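Here's the structure we're looking at; comments come further down.
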Amino acid sequence: MTRNQKTIVVGVTGGIAAYKTCELVRALVKRGHRVKVVMTEAATRFVTPLVFRTLTNEPVGVSLWADEPGSPVHHVSLAEEADVMVIAPCTANVIAKLAHGRADDLLTTTALATEAPLVIAPAMNVHMWRRDVTQANLAALSARGVTIVEPGVGELACGDVGEGRLAPVEEILAAVEVETARARDLEGVRVLVTAGGTHEPIDPVRYVGNRSSGKTGFAIAAEAVRRGAEVTLVTGPTHLADPFGCTVVRIQTALEMHAAVMERAADADLVVMSAAVADFRPADPADGKIKKAEAPDRITLVGNPDILAELGQRADVRAVLVGFAAETSDVLEHARKKLAAKRCHLIVANDVSDPSVGFGTEHNRVWFITSSGAEETGLTSKNAIARTLLDRARKLLPAR
Ligand code: CTP
């Protein structure tokens, strides 16, 4: 296997369109990819594993229990090997399983276990496609960052006419190639990400904090790891577990985050400041718990250092700097000012006054702002934002 060769795991489920997957597999092999096919039992009723075995020159997996003696196809190894997983055709049943995390055969187990991006190309009867439960399952998958190659409209194998026809092979191929291009495109890039809010102590048990959940920063760190970067995540208090494969530094206060970032910034190629750093801290936190009877009637605050602005001024920091701007009004105007004032290369701005997006939610609508312009995303998942952010930041990295 050459260094640039990518492993694509192709999942085939039980629909008549499975015969078109032979074309897809052939095209992927022709493009130089290593292709491993995994089929559901139902899929083998339409196309035999031997067809894919011959097209790919690789063992084909069907059962969780070693299909071919001597060359077992194991869900964990398949999941780990995959740079991209594509399921085409993907039936309503498998969409439902994926949406609910079910894993009762080799294909769904691999899909659940893999960290690789997942592309699905649904194909089914028009009524099954239109059913609210199918659409809800697709929406859930899309929210988790799964790419859905929408089916086309036309005459279906069952005789009905409508949506449900497997998308043309070229469309599926294009979606796979978008993900393939991202696979390991940050190899060797040193990424420093900050996440979460900070807790600024009033006394040993009380603090001033904010609503940041840390989800966006954790999603960025996980995505950067998936794409081959060396990632350090500096995070404020959050309930989220450490993302796999990165160095995690847990801090409490803005001053601690400042120290942790300053210590590492000169060694980074990319710094993403997604933390909601508290701008102020209580000036004089008490050493012991303040008793109710001694409650102060005011708390004096002092400013915290602006980490991003300081990075923008440090001569030894060569990294591409990405900042966030959480705004409640005039989003673009404020964000542009931050881009200039903090001397960063990219600002991801969002409107936190909208309760359906932003802090603590799964979805967001953001603007990506550079000195050359602004572009808005639609309402999208934090994973998808992480992906686009890294696509854009990568383009700003000096050619290496
Ligand atoms: N930031 C930082 N250090 C701070 C405050 C913010 O590094 N003390 C970073 C954030 O991580 C974010 C960007 O600066 O990437 C913008 O944060 P935001 O809170 O939107 O802006 P502020 O600079 O705090 O400005 P304001 O509160 O006036 O909007």
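What you are looking at is a predicted structure, and each value in this text was computed from that prediction instead of being measured. Remember, it's 1-based here, ligands and their atoms both numbered in the order they're listed. Hydrogens, waters and symmetry mates are skipped; everything else that's a heavy atom, side chains included, is used.
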Say whether Val277, considering both its backbone and side-chain N or O atoms, lies within less than 3.5 Å of an N or O atom on ligand 1. no

Write down the atom of Gly197, the atom of Pro237, and the distance for their closest heavy-atom approach. O-CD, 3.4 Å

Pick from Thr21, Thr44, Val10, Val38: which one makes a side-chain contact (heavy atoms from CB on, under 4.5 Å) with Phe52? Thr21

Glu376 atom CD, over 12 foreign heavy atoms within 6.0 Å: yes

Nearest 0.5 Å please: distance from the CG atom of Leu270 over to the CZ atom of Arg318. 16.0 Å

Measuring from Ile251:CD1 to His199:NE2, what's the distance to the nearest 0.5 Å? 9.5 Å

Please examine the side chains of Arg365 and Thr380, heavy atoms only from C-beta on, and report whether any two atoms are closer than 4.5 Å. no

Met273 N/O to ligand 1 N/O under 3.5 Å: yes

For atom 7 (O) of ligand 1, find the nearest protein heavy atom and state the residue, atom name and distance (0.1 Å precision). Leu308 N, 2.8 Å

Does a side chain donor of either Asp351 or Ser353 reach within less than 3.5 Å of an acceptor in the other side chain? yes

Quick one: which ligand 1 atoms are inside 4.0 Å of a heavy atom on Ala326? 20 (O)

Go through the steps for Arg392 and Lys395 under the test side-chain contact (heavy atoms from CB on, under 4.5 Å), then give the verdict. CA-CA 5 Å; Arg392 280 162 199 264; Lys395 291 200 185 120; 5.6 Å; no

If you have a sec, work out which protein heavy atom is nearest atom 5 (C) of ligand 1 and how many Å separate them, to one decimal? Asp279 OD1, 3.2 Å

Ligand 1 atoms nearer than 4.0 angstrom to some heavy atom of Ala275 are 10 (C), 11 (O)

Do any nitrogen or oxygen atoms of Val322 come within less than 3.5 Å of a nitrogen or oxygen of ligand 1? no

May I ask you to check if ligand 1 and Lys342 share an N or O to N or O distance below 3.5 Å? yes

For a 4.5 angstrom cut-off between non-hydrogen side-chain atoms, does Pro204 reach Asp287? no

Under a 4.0 angstrom heavy-atom cut-off, which atoms of ligand 1 come close to Gly323? 15 (O)

Around atom 16 (C) of ligand 1, find the nearest protein heavy atom and jot down its residue, atom name and distance. Phe324 O, 2.7 Å

Just distances here: any N/O of Lys338 and N/O of ligand 1 closer than 3.5 Å? yes

Flag: protein heavy atom within less than 4.0 Å of atom 29 (O) of ligand 1: yes

Using the side-chain contact (heavy atoms from CB on, under 4.5 Å) rule, pick out the option among Val277, Thr232, Leu192 that qualifies with Val261. Leu192

Could an N or O of ligand 1 be found under 3.5 Å from any N or O of Asn304, whether backbone or side chain? no

Starting from atom 3 (N) of ligand 1, locate the nearest protein heavy atom and write down its residue, its atom name and how far away it is, to 0.1 Å. Ile307 N, 3.0 Å

Could you list which atoms of ligand 1 come closer than 4.0 Å to a heavy atom of Ala325? 20 (O)

What atoms in ligand 1 come closer than 4.0 Å to a heavy atom of Pro305? 3 (N), 4 (C), 8 (N)

